[in-house]
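In what follows, a single structure is set out as structure tokens and then discussed.
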There are 2 protein chains.
Amino acid sequence: MPDAIPAVHSPTLGKDLLDELPAYDLIELFFFAYRDFVSDPDRILDEYGFGRAHHRVLHFVDRQPGLTIAELLDILRITKQSLNRVLKELIEKDFVESRMGTSDRRQRLLYVTGQGHDLALKLAKLQTRRILGALADLEPEAKELVSSYLLRVIDPDDREHVERLVFGAGKT
Amino acid sequence: MPDAIPAVHSPTLGKDLLDELPAYDLIELFFFAYRDFVSDPDRILDEYGFGRAHHRVLHFVDRQPGLTIAELLDILRITKQSLNRVLKELIEKDFVESRMGTSDRRQRLLYVTGQGHDLALKLAKLQTRRILGALADLEPEAKELVSSYLLRVIDPDDREHVERLVFGAGKT
DNA sequence: ATTTTATGTCAGCCTTGTTGACATATCTCA
DNA sequence: TGAGATATGTCAACAAGGCTGACATAAAAT
């Protein structure tokens with residue numbers, strides 16, 4: 001079937017062809033790369049009786065101490081019932097703690113505990129080894145390019161939010 | 001806590017710091033980008049009563065007509081019971097068909113049907129729009145760089161397999 | 001002829017998502 | 001102050017898509 005498609009380098013057709021020819025290479029690479037990216041933490045999480053859902057919560061709470069439930073729901077885009085299930089376990093096992101808000105006492109502000117931070121860091125380092133290691137043989141500007149590429153894959157409406165979250169956290 | 005870490009640009013420490021400082025930016029961008037990357041197909045799959053698991057099967061069968069069950073299991077890395085559940089549905093709804101192997105009659109060779117191919121293509125184009133669109137304002141060599149980056153994120157043991165699968169499919 | 005391989009299938013369990021309904025405490029605003 | 005909005009918690013039920021273990025069959029391989 002690809003045989004029927006004429007040589008690609010005609011400048012007049014460039015834009016249309018992008019719409020027509022699926023980028024199977026990137027689609028599949030993305031799939032496999034992401035799978036391996038999340039697989040590293042899985043083994044360790046198992047030892048603690050946690051899953052990926054716990055990892056996500058722990059990660060974002062570690063990154064943004066004092067995060068509220070509402071903010072976390074907004075980041076994860078799951079229902080409060082789903083969140084509550086894993087959050088409750090993280091709190092019971094003393095990896096996260098929830099304090100009453102000071103200005104608004106309805107809010108719960110989330111913080112990681114000592115061992116919560118240790119685990120979050122351990123998992124982040126594992127993933128870091130893989131995703132920075134992958135840059136090793138590439139040009140020095142590769143990291144900048146990859147991260148600006150990934151940012152552009154994100155929905156335009158969320159980009160600003162993600163940018164604040166990713167590049168603005170920890171400093172606040 | 002980041003305050004305790006000394007200024008980063010000392011050349012002697014470069015390598016060690018890579019091991020120590022988690023790449024939160026890439027970790028999070030990867031997370032958000034992948035989420036949006038898979039979200040596009042979800043809406044359409046819903047209309048057919050399919051989920052992501054069906055999408056993956058349909059995709060790889062579309063890409064590699066004549067795929068066997070064993071090969072598919074190897075690509076997806078799930079159990080045959082999990083695969084069978086979604087595969088059965090795809091076959092019942094006439095998106096995929098399974099023919100007896102010719103050389104080895106124990107094997108089942110999988111093929112997409114007409115509507116199976118149409119759906120697979122529709123989904124691939126949706127994802128293509130996003131992941132090629134994200135290249136729009138970047139340098140021309142960005143695509144090559146991103147795809148070689150993603151390849152390097154994949155487990156070294158699988159890289160060759162994935163390369164064959166990604167760059168060698170459809171031609172066979 | 002026996003064993004191995006490729007696949008199918010039954011039954012049950014887990015994680016993580018969903019919806020809907022309802023409870024409580026606190027804040028906001030008229 | 002009092003009514004309503006907001007932030008969170010919780011109960012119950014369900015669905016998708018993973019998993020394990022056990023067992024069945026047909027065909028290939030030895």
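Sequence lines set the chain letters: A, B, ... in the order given, protein chains first and strands last, and positions in each chain run from 1. Because the structure is predicted, anything quoted here is derived from the model rather than measured.
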Global bending angle along the helix from dA1(C)-dT30(D) to dA30(C)-dT1(D), which compares the axes of five pairs at either end, to 10 degrees: 20°

Can you name the nearest heavy-atom pair linking [X] to [Y], along with the distance?
X       : Y       : value
I131(A) : L135(A) : O-CG, 3.8 Å
L138(B) : S148(A) : CD2-OG, 3.8 Å
L109(B) : T68(B)  : CD2-CG2, 3.6 Å

Within the 6.0 Å centroid threshold, strictly below: Y24(A) and F31(A): no

Set of residues satisfying ring-ring contact (aromatic ring centres under 6.0 Å, His included) with respect to H55(B), sequence neighbours excluded: none

Sequence-distant partners of Y48(B), ring-ring contact (aromatic ring centres under 6.0 Å, His included), two or more places apart: F95(B)

Sequence-aligned protein contact record of nucleotides 10-17 of chain C, with B where the base is within under 4.0 Å of a protein heavy atom and S where only the sugar-phosphate is: B-----BB

Cationic N near anionic O, under 4.0 Å, D40(B) to R43(B): yes

Sidechain N-carboxylate O distance under 4.0 Å for E97(A), R99(A): yes

Nucleotide dA6(C), atom P - distance to CG of L87(B) in whole Å: 17 Å

Neighbours of DNA chain C within residues 92-109 of chain A, by heavy-atom distance under 4.0 Å: S103(A), D104(A), R105(A), R106(A)

Pairs involving residues 72-91 of chain B, ordered by first then second residue, that meet ring-ring contact (aromatic ring centres under 6.0 Å, His included) (sequence neighbours left out): none

